[in-house]
Structures are given as C-alpha cells and as structure tokens.
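Each remark here refers to the structure printed beneath this line.
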Amino acid sequence: MSPLDIVRIPVLHDNYVWLVHDSDSKATMVVDPAVAEPVLEAAAARGWTITDIWNTHWHPDHTGGNAAIKEATGCTITGPAAEYERIPTLDVRVTGGDRVRLGAHVAEVWDVPAHTAGHIAYHFAADDAIFVGDTIFAMGCGRLFEGTAEQMFANMRRFDALGDATRVYCAHEYTLSNARFAVTVDPGNAALTERLAAVEAARAAGEPTVPTSIGAERATNPFLRAATAAELGRIRTLKDAA
C-alpha cells in the first residue's frame with residue numbers, strides 16, 4: 001500500500017484545507033474545504049480528481065466549499081451525523097467508531113465534541129495521521145463553543161494515548177499566538193521555550209508550522225498537558241481573554 005500524499009492548501013486568513021490522495025486507487029479526498037477554487041486548482045495541478053470530501057464539523061470555514069466542489073466533481077461528502085442539519089450537502093453521516101476509506105487506507109471516526117457538539121476527527125492508524133479540525137492545534141485547542149472543559153479534557157486524553165509519531169493535521173495556522181500564550185502558563189518548560197523560538201523563525205520566513213505531532217504536543221501543549229478538566233478549563237478561559 002502506497003503512503004498517502006497529503007497537500008496543505010492555505011485559504012482565507014489562516015485556514016488550512018488538506019488534500020489527500022491515494023496513488024493506488026487514484027481516490028482523492030478533501031478535509032474541511034472552506035472554499036472551492038484553490039482546492040480544485042490544487043487537485044487539477046496534480047492531475048487528481050476529487051472523489052470525496054470529509055468534514056469534521058459544521059462551521060462555514062470548514063464546509064463553505066462543499067457545494068461547489070461537489071458540483072464540479074460529483075464527489076461524495078461525509079461528515080458528522082450529529083450535525084447533518086447544519087451541513088446540507090452531506091451524503092454520508094458518520095459517528096464515533098465508524099470507519100471510512102480512501103482506497104485501501106482506513107480511518108476510524110472519533111467523536112471529539114466541545115468546539116462543536118458533533119465534532120469528529122478521522123484517525124488513519126496505519127498511516128500515523130489524524131485529521132482533527134478545530135479540536136487540537138499546535139500548542140492549543142479549540143474554543144469551547146458548544147461543549148465543556150470536561151469533554152475537551154476527554155478528547156485530550158484520547159489524543160495523548162496516540163504514539164509520538166502521529167501527525168496531527170489541524171485546520172488553522174494559530175501556532176505563533178498559541179505558543180506565545182503557552183509560555184505564560186508553562187514558563188518553566190524548556191521544550192516550549194525552544195519551540196516558540198523555532199515557530200517565530202518559521203513564521204517570520206513565511207513557513208507553515210503544521211502538521212504537528214503528538215510527541216511535540218505532549219511536550220509543549222498546555223491543554224494536552226493539563227492534569228484535570230478544571231485545569232484545562234482555567235487555561236482555556238485565560239486563552240479566551242488573551
């Protein structure tokens with residue numbers, strides 16, 4: 001089985017859309033297309049035909065390109081069953097424990113509520129990759145718009161059980177602001193201080209900072225490192241006010 005080809009497409013102000021291709025089956029999937037045109041152009045430039053869209057949650061900056069991409073390609077759109085009323089383009093509804101395929105590559109659907117009530121993630125265990133939407137970011141986590149600190153803490157514990165090498169494909173370039181905040185709540189963390197310097201240099205050069213990895217987050221993400229739901233909630237409140 002050939003490895004997945006995963007392409008980062010920057011759109012809007014700080015969103016990333018992920019274009020994922022299986023060279024064996026020629027299947028091509030898009031994760032959370034905020035808009036259509038850059039995604040269609042990126043696929044066409046590589047000679048890929050988009051066969052699927054996978055949504056993690058209903059927010060428009062993750063679903064806004066659904067209809068136009070479907071119209072252009074006839075692709076199948078998969079997303080969270082709990083949010084189907086807010087994603088009218090959905091063809092396939094999935095929930096935690098379901099499995100979805102891109103060619104021979106299999107992803108398990110995870111329920112990861114908190115940012116939105118029905119938020120899901122897609123974990124390709126054999127590929128050491130997980131597409132997490134707005135649940136976990138490099139040194140951050142999503143705002144608790146429709147859920148609780150207890151739910152987000154449970155999500156973090158599940159991520160923490162993954163191997164260090166697992167690549168984490170989140171949907172926003174929030175790393176610099178997250179890192180600058182993280183050092184204020186974990187000032188004695190040498191790994192975090194070192195990572196902040198690396199991120200500042202990368203962003204100054206116009207370079208992206210994601211995907212990240214579970215190993216990097218285990219060492220530097222204050223939300224993943226929180227010992228209790230109460231601690232996570234306290235840190236989230238501080239971040240919201242920052």
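Scope of the values below: all heavy atoms of this structure, side chains included, with no hydrogens, waters or symmetry mates.
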State, yes or no, whether a side-chain contact exists between [X] and [Y] at a heavy-atom distance under 4.5 Å.
{"X": "L162", "Y": "I130", "result": "yes"}
{"X": "E173", "Y": "P208", "result": "yes"}
{"X": "C75", "Y": "K70", "result": "yes"}
{"X": "R225", "Y": "R218", "result": "no"}
{"X": "R93", "Y": "T78", "result": "no"}
{"X": "D134", "Y": "H57", "result": "yes"}
{"X": "R236", "Y": "C141", "result": "yes"}
{"X": "F159", "Y": "L224", "result": "yes"}

Taking atom types as modelled and ignoring hydrogens, do the side chains of [X] and [Y] form a donor-acceptor contact shorter than 3.5 angstrom?
{"X": "T135", "Y": "N155", "value": "no"}
{"X": "R195", "Y": "T220", "value": "yes"}
{"X": "D91", "Y": "T76", "value": "no"}
{"X": "S25", "Y": "D22", "value": "yes"}
{"X": "E217", "Y": "T212", "value": "yes"}

Roughly how far apart are [X] [atom1] and [Y] [atom2], rounded to 0.5 Å?
{"X": "M1", "Y": "D127", "atom1": "CE", "atom2": "CG", "answer": "5.5 Å"}
{"X": "I120", "Y": "D98", "atom1": "CD1", "atom2": "CG", "answer": "8.5 Å"}
{"X": "M156", "Y": "I136", "atom1": "CE", "atom2": "CD1", "answer": "4.5 Å"}
{"X": "F131", "Y": "Y122", "atom1": "CZ", "atom2": "OH", "answer": "11.0 Å"}
{"X": "D32", "Y": "N15", "atom1": "CG", "atom2": "CG", "answer": "8.5 Å"}

Find out whether the Lys NZ or Arg CZ of R157 is both under 6.0 angstrom from the six-membered ring centre of F153 and within 45° of the ring's axis.
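Positive - R157 is close enough to the ring of F153 and near enough to its axis.
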Kindly say whether [Y] contributes a backbone atom to a donor-acceptor pair with the side chain of [X] at under 3.5 angstrom?
{"X": "R203", "Y": "E207", "answer": "yes"}
{"X": "E146", "Y": "T116", "answer": "no"}
{"X": "N189", "Y": "A191", "answer": "yes"}
{"X": "R167", "Y": "V210", "answer": "no"}
{"X": "R158", "Y": "A154", "answer": "no"}
{"X": "D111", "Y": "G96", "answer": "yes"}
{"X": "T228", "Y": "E231", "answer": "yes"}
{"X": "T51", "Y": "T28", "answer": "yes"}
{"X": "E83", "Y": "P80", "answer": "no"}

Pair N66-N55, side chain to side chain contact (heavy atoms under 4.5 Å, CB included): steps then yes or no:
CA-CA 9 Å; N66 280 10; N55 292 140; 2.8 Å; yes
Provide the closest heavy-atom pair for [X] versus [Y] in the form atom of the first, atom of the second, distance.
{"X": "F181", "Y": "T184", "answer": "O-OG1, 2.5 Å"}
{"X": "A149", "Y": "G233", "answer": "CB-CA, 3.7 Å"}
{"X": "T56", "Y": "G133", "answer": "OG1-CA, 3.5 Å"}
{"X": "A138", "Y": "C170", "answer": "N-SG, 4.3 Å"}
{"X": "A121", "Y": "V112", "answer": "N-CG2, 3.8 Å"}
{"X": "R8", "Y": "P211", "answer": "NH2-CD, 3.7 Å"}

Parallel under 30°, tilted from 30 to 60°, perpendicular over 60°: which one fits the rings of H59 and H115?
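H59 vs H115 ring planes: perpendicular.
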Is the number of heavy atoms from other residues, nucleotides or ligands under 6.0 Å of E194 CD greater than 12?
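Open.
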Hey, is CD on E71 packed in by over 12 heavy atoms from elsewhere, all under 6.0 Å?
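Open.
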Please report whether the ring centroid of [Y] lies less than 6.0 Å from that of [X].
{"X": "H172", "Y": "H62", "result": "yes"}
{"X": "F124", "Y": "W110", "result": "no"}
{"X": "Y174", "Y": "F137", "result": "yes"}

Cluster link [X] to [Y], ILVMFWY, side chain under 4.5 Å:
{"X": "L192", "Y": "L176", "answer": "yes"}
{"X": "M139", "Y": "L238", "answer": "no"}
{"X": "V185", "Y": "L196", "answer": "no"}

Candidate pair F223 and K239, rule side chain to side chain contact (heavy atoms under 4.5 Å, CB included), full reasoning
CA-CA 11 Å; F223 299 97; K239 181 67 168 65; 4.2 Å; yes
Which hydrophobic side chains are connected to V35, either touching it within the sub-4.5 Å cutoff or through other members that do?
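In the cluster with V35 are V7, I9, V11, L12, V17, L19, V30, V39, L40, W48, I50, I53, W58, I69, I77, Y84, I87, L90.
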Would you call E200 and R180 a salt bridge, taking side-chain N to carboxylate O under 4.0 Å as the test?
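Yes, this pair counts.
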